[in-house]
Amino acid sequence: FSHQHIFNPLPLNIYKPLDRKYARNCFNLPIDKKIIVFAADNISSKRKGLKFLLGAIKLLENKENLFFVSIGRNKLKFDTDVPYRHLGSFNDDLSIAILYSAANLSIVPSLEDNSPNSIIESLSCGCPIVGFNIGGIPELINNKNLGFLCEVGEIELANSIKKALNFNFSRDIIRNFAENTFSYKTVSKSYVSNFRKLLNN
């Protein structure tokens with residue numbers, strides 16, 4: 001049977017790139033560091049690949065220039081020399097949008113996932129992604145202007161994070177992709193188009 005994948009929409013008037021300095025000041029995050037974000041409903045879930053993320057961070061260089069932030073239920077047992085802050089669970093869209101606007105990079109090391117909302121939210125705020133090449137993630141990170149994919153593994157993830165931190169991403173290009181993919185107008189048109197095809201057949 002034929003099938004069509006339609007991504008989840010987002011309110012792009014909320015999820016949008018904000019001034020990075022302003023966004024960092026909102027959470028009292030350092031202005032002069034490269035901020036890496038990890039977001040999950042339950043950050044200690046094995047399915048979210050936390051073990052690989054922590055292992056990868058230990059392999060990174062120039063740790064004094066990095067700052068790691070997580071959001072979600074539970075808190076990481078974080079024993080590396082990268083500065084780290086857990087902000088807890090967010091219950092509103094605006095706080096999530098501000099955090100992604102503050103970040104240089106979002107990491108999605110899921111071992112199982114379809115179309116993670118964390119990727120859609122991050123891209124909508126102009127924040128690039130590094131994630132594993134599994135499930136629906138490659139459908140979202142489909143070119144290097146949006147982020148980097150890698151095979152499952154700590155070394156592979158660390159290498160992709162290094163590449164991403166040194167890559168000159170354009171917030172405008174990332175945002176443009178989000179507007180053309182995740183807006184309510186785009187998603188609703190996709191549904192209507194598919195319903196019409198079904199009716200015509």
Side-chain angles (χ1 to χ4, degrees), residues 1-18 23 37-50 52-53 70-73 89-103 105-152 156-157 160 164 167 169-201:
F1 297 95
S2 63
H3 66 278
Q4 175 80 27
H5 187 178
I6 302 175
F7 295 112
N8 292 331
L10 275 186
L12 296 183
N13 60 321
I14 298 175
Y15 286 96
K16 60 184 178 182
L18 301 171
V37 168
F38 171 63
D41 176 53
N42 181 357
I43 62 177
S44 62
S45 169
K46 290 183 179 179
R47 184 173 65 85
K48 294 298 181 181
L50 179 60
F52 292 97
L53 175 57
S70 62
I71 59 171
R73 287 185 289 121
S89 294
F90 288 176
N91 298 312
D92 65 290
D93 292 323
L94 182 57
S95 295
I96 298 172
I98 293 173
L99 179 60
Y100 283 126
S101 291
L105 188 64
S106 176
I107 313 297
V108 184
S110 298
L111 303 176
E112 299 174 3
D113 235 321
N114 48 12
S115 295
N117 276 345
S118 57
I119 292 181
I120 296 173
E121 293 163 353
S122 181
L123 294 176
S124 297
C125 297
C127 181
I129 304 287
V130 167
F132 288 141
N133 187 22
I134 61 96
I137 294 177
E139 296 181 36
L140 290 163
I141 311 304
N142 55 31
N143 69 75
K144 68 178 182 180
N145 291 314
L146 306 176
F148 291 99
L149 295 171
C150 62
E151 299 307 313
V152 175
E156 292 81 358
L157 185 58
S160 291
F167 190 83
F169 289 104
S170 166
R171 281 179 130 195
D172 290 339
I173 290 175
I174 296 173
R175 172 65 181 186
N176 187 60
F177 171 79
E179 289 177 342
N180 292 327
T181 312
F182 310 129
S183 72
Y184 279 98
K185 184 176 182 180
T186 298
V187 172
S188 62
K189 281 184 176 180
S190 295
Y191 276 109
V192 170
S193 174
N194 277 278
F195 286 140
R196 283 178 174 161
K197 287 178 184 177
L198 289 170
L199 290 171
N200 290 335
N201 290 332

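Just the heavy atoms: all of them, side chains too, but no hydrogens, waters or symmetry mates, feed the values below.
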Note: Phe169 and Gly147 closest approach over all heavy atoms is CE2-N, 3.6 Å

What is the distance from atom CD1 of Ile129 to atom CD1 of Ile120, rounded to the nearest 0.5 Å?
10.0 Å

Mind checking side chain to side chain donor-acceptor pair (under 3.5 Å) for Ser101 and listing every partner two or more places apart, or none if nothing turns up?
none

Considering residues at least two apart in sequence or located in another chain, which fulfil the side-chain contact (heavy atoms from CB on, under 4.5 Å) criterion with Asn133?
Pro138, Leu149, Glu151

Atom of Ser160, atom of Cys150 and distance for their closest heavy-atom approach:
OG-CB, 3.2 Å

Applying side-chain contact (heavy atoms from CB on, under 4.5 Å), name anything that partners Ser89, two or more places apart in sequence or on another chain.
Arg73

Which residues satisfy the side chain to side chain donor-acceptor pair (under 3.5 Å) test with Asn117, sequence neighbours excluded?
Asn8

Side chain to side chain contact (heavy atoms under 4.5 Å, CB included) between Val130 and Leu157, worked out:
CA-CA 8 Å; Val130 167; Leu157 185 58; 3.6 Å; yes

Drop me the distance from Leu140's CG to His5's NE2, to the nearest 0.5 angstrom.
7.0 Å

Pairwise distance CG(Leu146) to CG(Leu123) - rounded to 0.5 angstrom
6.0 Å

If you look at every heavy atom in Lys16 and Leu12, which pair is closest and at what distance?
CB-O, 3.6 Å

The criterion is side chain to side chain donor-acceptor pair (under 3.5 Å); which residues satisfy it with Ser170, sequence neighbours excluded?
none

Could you give the distance from SG (Cys127) to CD1 (Ile119), rounded to the nearest 0.5 Å?
11.0 Å

List the atom of Ala178, the atom of Ser124, and the distance in Å for their closest heavy-atom pair.
CB-CA, 3.6 Å

Mind checking what makes side chain to side chain donor-acceptor pair (under 3.5 Å) contact with Asn201, not counting sequence neighbours?
none

Nearest 0.5 Å please: distance from the CZ atom of Phe148 over to the CD1 atom of Ile107.
11.5 Å

Do any pairs count as a salt bridge (charged side-chain N to carboxylate O under 4.0 Å, His left out) and have a residue in residues 177-196, sequence neighbours left out, and if so which ones?
Arg175-Glu179

Quick one: pull up OG in Ser183 and CG in Asn13 and give me the separation to the nearest 0.5 Å.
11.5 Å

For Tyr184, give me all partners under side-chain contact (heavy atoms from CB on, under 4.5 Å), at least two apart in sequence or on another chain.
Pro9, Pro11

Could I get the full list of ring pair (Phe, Tyr, Trp, His ring centres under 6.0 Å) partners for Phe182, not counting sequence neighbours?
Phe7, Phe177

For a quick test of reading the model, state the closest non-hydrogen atom pair linking Val108 to Ser118 and the distance between them.
CG2-OG, 3.9 Å

side-chain contact (heavy atoms from CB on, under 4.5 Å) partners for Ile6, two or more places apart:
Gln4, Val187, Ser190, Tyr191, Asn194

Determine all donor-acceptor pairs shorter than 3.5 Å in which one atom belongs to a side chain in residues 92-100; sequence neighbours excluded.
| unit_1 | atom_1 | unit_2 | atom_2 | d |
| --- | --- | --- | --- | --- |
| Asp92 | OD1 | Ser95 | OG | 2.9 |
| Asp92 | OD2 | Leu94 | N | 3.4 |
| Asp92 | OD2 | Ser95 | N | 2.9 |
| Asp92 | OD2 | Ser95 | OG | 2.9 |
| Asp93 | OD1 | Tyr15 | OH | 2.7 |

Residue pairs meeting salt bridge (charged side-chain N to carboxylate O under 4.0 Å, His left out), one or both in residues 109-132, sequence neighbours left out, come to Arg47-Asp113, Lys48-Asp113

